[in-house]
S.K.: 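Sharing a structure below in structure tokens format, with a few things to ask.
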Amino acid sequence: MMHGSPDRTRRWIRVFAAPVLLAAATITGLLAALLWGTVGQYVAWVTVGAPVLVIAWVWVRRGSQKPRHFDRMMRGK
């Protein structure tokens, strides 16, 4: 495997794309609240609230799934 191969690039994008986009949206929202007045406040509510909604969505989704692998591992099967 060569350094900088397409597989490594795809893996990097797959891991870091969502956090980078959420960070960019949050920074945009914070700057909008400071610079755009009333409209910026609404933009800020949406963009700063997005990470909170993502965390809640993942938390609910993970809680509804059974941890099959962990159960098997604990039972020794």
S.K.: Where do W57 and L53 land on the side chain to side chain contact (heavy atoms under 4.5 Å, CB included) test, with the steps shown first?
M.R.: CA-CA 6 Å; W57 176 69; L53 292 175; over 6 Å; no
S.K.: Could you go through V54 and L22, starting from their C-alpha distance and side-chain angles, then the distance that decides it, and tell me whether this counts as side chain to side chain contact (heavy atoms under 4.5 Å, CB included)?
M.R.: CA-CA 9 Å; V54 169; L22 283 172; 4.1 Å; yes
S.K.: Could you give the distance from CD1 (I27) to OG1 (T47), rounded to the nearest 0.5 Å?
M.R.: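 Going from the CD1 atom of I27 to the OG1 atom of T47 covers 10.5 Å.
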S.K.: Going only through I, L, V, M, F, W and Y residues with side-chain contacts under 4.5 Å, is there a path from V48 to V52?
M.R.: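 No, separate clusters.
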S.K.: Considering non-hydrogen atoms only, spot the tightest contact between G29 and A44 and give its length.
M.R.: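 That closest heavy-atom pairing would be O-CB, 3.2 Å.
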S.K.: Which atom pair, heavy atoms only, marks the closest approach of A32 to V43?
M.R.: CB-CG1, 3.9 Å
S.K.: Decide whether L34 and V39 are clustered together by the hydrophobic rule: side chain heavy atoms of Ile, Leu, Val, Met, Phe, Trp, Tyr closer than 4.5 Å, transitively.
M.R.: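 Same hydrophobic cluster.
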